Amino acid sequence: MQYQKVIAKYIYNVARTLNCNSEEFQDDLRFRKFIDDLIPFLNDTRSHFATLNYDTLFYSEFNDDQEVDGKSYRICHRYSSRTCLNDGYRKTGFDEANFDRETGEDFGYYLHLHGSPLIVDRRNAPRKLKRHKVNGHDPKSARHIILSDGALKPFLIERSEVLRLYWKMFSKALGEADEVILFGYGGFDDHLNRIIKEKFKGRKFVIEWSGSKHFSDDSDVLESKEISADNYWRRKLGKRTIIKRSDNILEFKNWDDPNSFIPF
């Protein structure tokens with residue numbers, strides 16, 4: 001039992017460390033321009049947004065007031081019906097009913113597919129910490145954080161009611177989507193690749209660094225060989241996958257028409 005507690009604390013602390021980003025990067029003009037292009041798009045389209053890591057870069061920008069071209073935005077209003085993105089948490093806590101849009105609310109889903117150090121257990125129920133309380137939190141478990149070998153991730157997702165629901169809503173989001181954009185993703189989570197390949201038959205865009213190298217993962221070869229990005233991603237995600245490789249992916253701003261992005 002002591003070993004399990006130590007491992008849980010270690011996993012939580014790793015996620016907590018990754019959750020902290022340097023202010024220098026958040027203030028970098030290239031990142032600011034990238035965010036300033038993304039925020040109005042989410043506000044206008046109510047697109048779904050899912051993350052796989054624990055960093056606070058997007059979370060901070062979505063939950064704090066932002067000004068873009070003289071217009072004020074806050075993408076996430078936790079206690080307001082005016083929210084653009086909804087992660088399932090409201091005043092009453094976390095519940096599938098909070099994703100219900102039949103009441104007339106218009107929002108996209110904000111899904112932390114591999115969890116977050118903000119999500120903890122309190123009194124046998126998942127609760128969401130305020131950001132300023134994360135560093136002082138004494139973890140008793142890391143049930144809502146996925147940090148493991150890829151093959152174990154589906155089993156770890158199943159043990160968390162929060163993550164199970166996020167993946168359920170992800171399937172629903174795929175059914176509503178016109179297209180899928182994967183940004184800065186390496187392709188190593190086969191459980192994610194599988195659900196996209198099986199559930200979504202529309203166009204998929206992969207925005208990746210031009211220096212990325214891809215290798216065959218065929219089980220019948222002793223040494224993996226390097227393959228083209230097109231070959232790699234179509235194996236992972238299926239047909240209708242379009243790859244855009246850029247020296248700086250933060251230059252991407254063509255959210256409404258990814259096919260028009262011409263990397264240099």
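Because the structure is predicted, anything quoted here is derived from the model rather than measured.
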Problem - Verdict with supporting geometry, Phe170 and Ile195, side chain to side chain contact (heavy atoms under 4.5 Å, CB included) - result: CA-CA 9 Å; Phe170 182 64; Ile195 193 171; 3.6 Å; yes
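- Considering all non-hydrogen atoms of both residues, Asn98 and Gly88 come closest at ND2-O, 2.8 Å.
- Shortest non-hydrogen contact noted between Ser148 and Leu156 is OG-CD1, 3.4 Å.
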Handout entry: Audit row: Leu182, Ile207, side chain to side chain contact (heavy atoms under 4.5 Å, CB included) steps and yes/no
Key = CA-CA 6 Å; Leu182 294 103; Ile207 315 300; over 6 Å; no
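- Interatomic distance, CZ of Phe41 versus CG of Asp37, reported as 11.5 Å (0.5 Å rounding).
- Proximity of a side-chain donor or acceptor of Tyr232 to a complementary backbone N or O of Ile227 within less than 3.5 Å is not detected.
- There is a side-chain donor-acceptor pair under 3.5 Å between Asn254 and Ser260.
- More than 12 heavy-atom neighbours from other residues, nucleotides or ligands sit within 6.0 angstrom of CZ on Phe215.
- Under a 4.0 Å N-O distance rule, the pair Lys168/Glu96 qualifies as a salt bridge.
- Annotation: Lys133, atom NZ; neighbour count of heavy atoms from other residues, nucleotides and ligands within 6.0 Å does not exceed 12.
- Within the 4.5 Å cutoff, the side chain of Ile249 has heavy atoms near those of the Phe183 side chain.
- Aromatic rings from Tyr110 and Tyr166 are positioned such that their centres are separated by 6.0 Å or more.
- Between Phe252 and Phe34, the distance separating the two ring centers is not shorter than 6.0 angstrom.
- Side-chain contact between Tyr12 and His137 is present, with at least one heavy-atom pair separated by less than 4.5 Å.
- Rounded to the nearest 0.5 angstrom, Asn13 CG and Leu147 CG are separated by 11.5 Å.
- For the atom pair CG (Leu118) and CZ (Arg16), the distance works out to 11.0 Å, reported to the nearest 0.5 Å.
- Residues His112 and Tyr54 keep their aromatic ring centres 6.0 Å or farther apart.
- A donor-acceptor pair under 3.5 Å is absent between the side-chain atoms of Arg203 and the main chain of Asp178, judged by distance alone.
- Contact of the Leu52 side chain with the Leu192 side chain is registered, since non-hydrogen atoms from C-beta on lie closer than 4.5 Å.
- Judged purely by atom type and a 3.5 angstrom limit, Lys9 has no side-chain atom pairing as donor or acceptor with the backbone of Lys140.
- Under the 4.5 Å side-chain heavy-atom criterion for ILVMFWY residues, no single connected hydrophobic cluster contains both Phe155 and Leu165.
- Using a 4.0 Å cut-off between charged nitrogen and carboxylate oxygen, Asp28 and Arg30 count as a salt-bridge pair.
- A donor-acceptor contact shorter than 3.5 Å links the side chain of Arg245 to the backbone of Ser210.
- With rounding to the nearest 0.5 Å, the separation of CG in Asp230 from CD1 in Ile242 is 10.0 Å.
- A donor-acceptor pair under 3.5 Å is formed between the side chain of Lys244 and the backbone N or O of Phe261.
- Note on Arg90 versus Glu105: salt bridge recorded, some NZ/NE/NH1/NH2 to OD/OE distance being below 4.0 Å.
- Side-chain N/O atoms of Tyr73 and Asp36 include no donor and acceptor closer than 3.5 Å.
- A salt bridge between Glu176 and Arg101 is present, with a side-chain N of the basic residue lying under 4.0 Å from a carboxylate O of the acidic one.
- With hydrogens and angles disregarded, a donor-acceptor distance shorter than 3.5 Å links the side chain of Ser212 to the backbone of Trp209.
- Side-chain rings of His144 and His114 stay apart, their centers remaining 6.0 Å or farther from each other.
- Ring centroid separation for the pair Phe62 and Phe49 comes in under the 6.0 Å cut-off.
- With contacts defined as side-chain heavy-atom distances shorter than 4.5 Å, the pair Thr51/Leu113 does not qualify.
- Between the OG atom in Ser116 and the CG atom in Asn53 there is a gap of 10.0 Å [rounded to 0.5 Å].
- Between Thr45 and Ser47, the shortest heavy-atom distance links the atoms OG1-OG, 2.7 Å.
- Distance alone, capped at 3.5 Å, places no donor-acceptor pair between the Arg32 side chain and the Asp27 backbone.
- Using modelled atom types, no side-chain atom of Asn63 and backbone atom of Phe58 make a donor-acceptor pair closer than 3.5 Å.
- Nearest heavy-atom pair across Ser141 and Ala8 is CA-CB, 3.8 Å.
- Counted within 6.0 Å of CZ on Arg159, heavy atoms from surrounding residues, nucleotides or ligands total more than 12; the atom is thus considered enclosed.
- Using a 4.0 Å cut-off between charged side-chain N and carboxylate O, Glu161 and Arg143 make a salt bridge.
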Exercise for the section: Run the numbers on Leu38 and Trp255 for side chain to side chain contact (heavy atoms under 4.5 Å, CB included), then give the verdict. Expected result: CA-CA 7 Å; Leu38 175 60; Trp255 297 103; 3.7 Å; yes
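- The shortest heavy-atom contact between Pro126 and Tyr89 is CB-OH, 3.9 Å.
- With Asp106 contributing its side chain and Arg46 its backbone, the two residues share no donor-acceptor pair below 3.5 Å.
- A donor-acceptor pair under 3.5 Å links the side-chain atoms of Gln66 to the main chain of Glu61, judged by distance alone.
- Here the shortest heavy-atom pairing between Ile145 and Leu163 reads N-CD1, 4.5 Å.
- For the pair Val180 and Phe205, the minimum side-chain heavy-atom distance is 4.5 Å or more.
- Using a 4.0 Å cut-off between charged nitrogen and carboxylate oxygen, Lys153 and Asp190 do not count as a salt-bridge pair.
- Applying the salt bridge (charged side-chain N to carboxylate O under 4.0 Å, His left out) test to every pair with at least one member in residues 191-200, sequence neighbours left out, gives no pairs at all.
- Using a 4.5 Å heavy-atom threshold, the side chains of Glu251 and Asn248 count as touching.
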Practice task
Begin from the C-alpha positions of Tyr59 and Asp64 and carry the test side chain to side chain contact (heavy atoms under 4.5 Å, CB included) through to its verdict.
Solution key: CA-CA 8 Å; Tyr59 193 88; Asp64 297 333; over 6 Å; no
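- Taking CD1 of Ile39 as the reference point, atom NZ of Lys71 lies at 12.0 Å (rounded to 0.5 Å).
- Contact check for Phe31 versus Leu57: side-chain heavy atoms found under the 4.5 Å cut-off.
- The shortest distance between side-chain heavy atoms of Val206 and Leu237 falls below 4.5 Å.
- If you run side chain to side chain donor-acceptor pair (under 3.5 Å) between His214 and each of Glu226, Glu208, Lys236, Arg235, only Glu208 comes through.
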